[in-house]
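Let me begin by presenting the structure, written as structure tokens, before commenting on it.
As the structure is a prediction and not an experimental result, all values here were calculated from the model. Residue numbers start from 1 in every chain, and the chains themselves are labelled A, B, ... in the order their sequence lines are given, proteins ahead of strands.
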Amino acid sequence: MMSDPQARLERLTSMLRRRGVILPAFEIHGGVAGLFDFGPIGGRLRRRLNNAWLEHWAAQGDIVEIDSPTITPESVLIASGHVGEFNDHMSECNACGGVFRSDHLVEGFHSNPDVLAPKDLDQLISNNNVNCLTCGAMDWKDAQPMNLMFSTRIGTMKGGRTAYMRPETAQGMFMQFPALYRHFRNRLPFGAVQTGKGYRNEISPRQGMIRLREFNMAELEYFIDPEVESSHDFSKWVSSRFNFVPDPEFGEPLEMSPGEASTQNIIRHPTVAWFMARTWDFLVSVGIDPAKIRFRQHEGTEMAHYASDCWDAEIHGSYGWIECVGIAHRGCYDLAAHESATGDNNLRAWRPYDEPKIVDKTVLSGKGAVIGPSFRDQASAVNEALELLIDMPSKFPFELSLGNGDKVTIESEMVEEKRIQSTEHGEWFLPHVVEPAFGIDRILWHILDHAYLESEKGGEAYTVLRLSPSIAPIDVVILPLMEKDELAEMAHDIHRRICSTKNLASYYDGSGSIGRRYARADEVGVPWAVTIDHESLQNGSVTIRRRDDGKQVRIQSDDLVDTLTIGPSANLF
RNA sequence: GCGGAUGUAGUGAAGGGGUUAUCACCUGAGGUUUCCAACCUCAUGUCACGGGUUCAAAUCCCGUCGUCCGCACCA
């Protein structure tokens with residue numbers, strides 16, 4: 001009964017719906033593809049996973065959290081490259097209606113079809129008699145731009161500003177680089193994280209939670225000085241074996257520790273290796289099966305427009321290997337792009353020299369009394385051009401080019417030569433960034449997939465969700481052995497006490513036989529069950545049952561909150 | 001987006017131009033039980049949405065939306 005993976009996937013999906021973990025959104029209005037709700041169980045599960053992620057990175061000590069708007073002005077996304085990159089052109093076949101990326105159709109006929117205008121694409125398609133890949137016809141509609149971003153406007157009346165729902169959270173961290181730099185007292189390296197919604201208007205969302213139109217992202221931007229040798233301590237993982245799948249151009253899949261992969265240059269940058277290792281730690285800590293994690297390097301052709309090296313953490317589950325985390329070395333791409341788009345010069349960091357550099361310069365300085373009357377309204381432009389002059393003229397008079405392209409003749413009495421000595425203590429540079437970007441929904445899906453365990457109990461199917469206690473949405477279920485007498489009263493009491501404790505959630509269940517209630521709790525992954533029986537009324541003790549093996553021990557109900565807060569210890573059982 | 005399949009309680013299914021729309025599990029109440037989906041009685045709840053054909057539509061037709069599979073797409 002458990003052999004068919006498709007059937008298992010259907011049972012799991014049904015259970016998630018039935019128990020209020022993951023549900024289709026807006027269902028009474030017909031539903032919308034690619035949008036999901038987290039229900040009463042799923043909502044808290046998602047929050048816990050999110051918090052676990054934030055805490056995991058905060059623990060590193062040099063990473064802070066920020067939060068940015070989801071509505072993003074167009075200019076930001078033009079600078080970042082998303083408007084260009086997400087604006088692929090599509091060609092539609094008139095015969096069969098098939099739709100293809102125009103640049104893919106003309107691959108081989110142009111060295112870089114990505115940059116072509118729609119007219120050129122159409123021209124190239126017809127000149128080379130490109131046939132439809134589906135029906136073989138040669139009858140194309142004009143290439144149309146297709147933008148995967150949700151567009152909107154800022155401002156309600158006419159005019160306003162074009163904007164998009166952010167396709168990633170990363171831009172927020174780049175926008176706030178100056179504030180982050182100040183926060184960290186002008187010292188690299190440091191990082192910033194942000195979790196929140198991202199939006200992509202996918203053509204065809206499929207595979208449940210794998211491809212969504214609105215999804216939970218968690219991104220980290222770690223800013224480093226490219227000239228400082230990064231040193232990371234990989235000793236924690238010396239005996240860990242990670243699965244690596246390098247770009248086929250560079251090598252075969254292999255197993256080794258992340259430290260080795262870094263020293264052997266399989267991972268090109270040690271900071272990328274470091275974040276891969278820390279990502280692995282995170283995934284395992286929230287309940288992903290380590291045997292089902294692999295790191296796959298992007299091939300040159302699929303590398304995102306910003307990345308210079310990129311590894312995906314892929315997780316294996318019911319849909320095969322799925323990319324759940326992308327760890328990219330983005331170089332200085334983003335900061336440079338925003339700098340050149342805005343002219344803002346605060347996106348740089350200061351690198352002091354070991355020794356101050358003494359620079360001797362000879363400059364020509366305009367004599368105001370001569371330049372002014374000679375050039376009148378051009379005088380200030382002449383002075384600027386003189387200051388920028390690097391090579392001293394060999395003779396006078398000489399021709400000087402102004403910033404606006406005009407040329408003027410400079411006589412020797414207009415200027416004087418000055419020797420300037422300055423001391424430079426350092427330089428401004430664009431930091432590089434390593435970006436681990438997590439798809440929370442995809443990870444959450446795989447946590448559920450890996451935790452969902454089907455077995456048999458007394459000839460009947462029995463399912464347990466073996467969620468890690470660190471993210472289980474309900475910590476403990478409170479069960480009066482019978483819902484009468486003072487048993488129910490005592491159980492309610494304990495339930496309220498646990499719920500009012502920070503970071504603990506309990507669930508009161510009083511209906512049905514005790515076995516049925518254990519089963520209900522097991523199905524949604526409650527790690528602990530507390531049962532109140534007649535002995536409890538006499539001496540205040542209760543039994544606590546461990547989900548994964550059904551083992552029970554008796555403890556004092558007064559100790560319950562403390563025991564659950566620190567997690568019941570192994571020697572208790 | 002194209003092609004195919006499909007949509008009936010919370011879940012899984014049966015049925016089908018005129019029925020009080022059926023069954024199991026689940027859920028709730030009462031009884032029984034006194035620690036791992038027991039049992040008895042009762043109860044709640046369903047034909048995706050919109051339009052058409054018809055005296056009559058959950059059933060036939062069309063459209064929309066959703067789901068699944070294949071193709072295409074997928075920072």
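By the 4.0 Å N-to-carboxylate-O rule, A:Arg497 lies too far from A:Asp493 to be salt-bridged with it. Look at A:Asp533 and A:Arg554 and you find a salt bridge, because one of the NZ, NE, NH1 or NH2 atoms lies within 4.0 Å of a carboxylate O, short of that distance. Salt bridge annotation for A:Glu314-A:Arg442: absent, with no cationic side-chain nitrogen under 4.0 angstrom from a carboxylate oxygen.
On the C1' atoms, B:A37 is 34 Å away from B:C69, given to the nearest whole Å. Taking the C1' atoms as reference points, B:U20 lies 23 Å from B:C26, given to the whole Å. When the C1' atom is used for both B:G70 and B:A38, the distance is 47 Å, rounded to whole Å. For B:U44 and B:A56, the P atoms lie 31 Å apart once the distance is rounded to whole Å. Comparing the C1' positions of B:A13 and B:C65 gives a spacing of 24 Å, expressed to the nearest Å. With C1' as the reference atom, B:U46 and B:G15 are 14 Å apart, rounded to whole Å. For B:G50 and B:G66, the C1' atoms lie 14 Å apart once the distance is rounded to whole Å. Spacing between B:U41 and B:A5 at atom P, rounded to whole Å, works out to 44 Å.
The pairing partner recorded for B:U27 is B:A43, the criterion being a Watson-Crick or G-U wobble arrangement whose two distances lie under 3.5 angstrom. If you check B:C71 for Watson-Crick or wobble pairing at under 3.5 angstrom, you find it paired to B:G1. Pairing partner, B:U6: B:G66, with both Watson-Crick or wobble hydrogen-bond distances short of 3.5 Å. Base pairing of B:U33 is not made with any nucleotide, judged by Watson-Crick or G-U wobble geometry with both donor-acceptor distances under 3.5 Å. Across all strands shown, B:A56 remains unpaired; no Watson-Crick or G-U wobble contact has both distances below 3.5 Å. The partner of B:U20, taking Watson-Crick or G-U wobble pairs whose two distances both stay under 3.5 Å, does not exist in any strand shown.
One atom, CD of A:Gln6, and another, C1' of B:U67, lie 12 Å apart when rounded to the nearest Å. Going from atom CZ of A:Arg11 over to atom C1' of B:C26 covers 17 Å, rounded to whole Å. The distance from atom CG of A:Leu148 to atom P of B:A72 is 18 Å, rounded to the nearest whole Å. As rounded to whole Å, 10 Å separates atom P of B:G28 from atom CD of A:Glu483. Computed from coordinates, the A:Gln207 CD to B:C69 P distance equals 7 Å when rounded to whole Å. Atom CE of A:Met15 is separated from atom P of B:C25 by 21 Å (rounded to the nearest Å). Spacing between atom CZ of A:Arg206 and atom C1' of B:G3 amounts to 11 Å, rounded to whole angstrom units. Rounded to whole Å, atom P of B:U67 lies 11 Å from atom CG of A:Leu212.
Atoms CZ and NE2, on A:Arg496 and A:His492 in that order, are 6.5 Å from each other to the nearest 0.5 Å. Rounded to the nearest 0.5 angstrom, A:Met165 CE and A:Ser151 OG are separated by 10.5 Å.
Without hydrogens or angle criteria, A:Arg19 side chain to A:Arg520 main chain gives a donor-acceptor distance under 3.5 Å. With hydrogens and angles ignored, the 3.5 Å screen pairs a side-chain donor or acceptor of A:Arg547 with a backbone N or O of A:Leu467.
Using cut-offs of 30° and 60° on the angle between ring planes, the pair A:Trp445 and A:Tyr319 is tilted.
Glycosidic conformation of B:U33: syn, with the torsion inside 90° of 0.
For A:Ser511 against B:A29, a side-chain-to-base donor-acceptor contact under 3.5 Å is absent. Judged by distance alone, with hydrogens and angles left aside, A:Arg18 brings no side-chain donor or acceptor close enough to the base of B:G12 to form a pair under 3.5 Å.
The shortest distance between the side-chain N/O atoms of A:Arg17 and the OP1/OP2 oxygens of B:G10 is not below 4.0 Å.
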Between protein and nucleotides 35-41 of chain B, what N or O pairs are separated by less than 3.5 Å?
from	atom 1	to	atom 2	distance (Å)
B:C35	O2	A:Tyr518	OH	2.4
B:C35	O2	A:Gln552	NE2	2.7
B:C35	N3	A:Gln552	OE1	3.3
B:C35	N4	A:Asp533	OD2	2.9
B:C35	N4	A:Thr543	OG1	3.2
B:C36	O2'	A:Lys457	NZ	3.4
B:C36	O2	A:Lys457	NZ	3.2
B:C36	O2	A:Arg545	NH2	3.3
B:C36	N3	A:Arg545	NE	2.7
B:C36	N4	A:Arg545	NE	3.3
B:C36	N4	A:Gly550	O	2.7
B:C36	N4	A:Gln552	NE2	2.9
B:A37	O4'	A:Arg516	N	3.4
B:A37	O2'	A:Glu460	OE1	3.0
B:A38	OP1	A:Arg516	NH2	2.8
B:A38	OP2	A:Ser513	OG	2.6

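Considering A:Phe573, A:Tyr518, A:Tyr507 in turn, A:Phe573 is the only one that fulfils the ring-ring contact (aromatic ring centres under 6.0 Å, His included) rule with A:Trp528.
Residue contacts shown for A:Ser204 include a base, since a base heavy atom lies under 4.0 Å away.
Where A:Arg213 and A:Ile203 meet RNA chain B, the nucleotide closest to each residue was compared, and A:Arg213 sits on the side nearer the 5' end. Take the nearest nucleotide of RNA chain B for A:Glu27 and for A:Gly30: the residue whose nucleotide is more 5' is A:Glu27.
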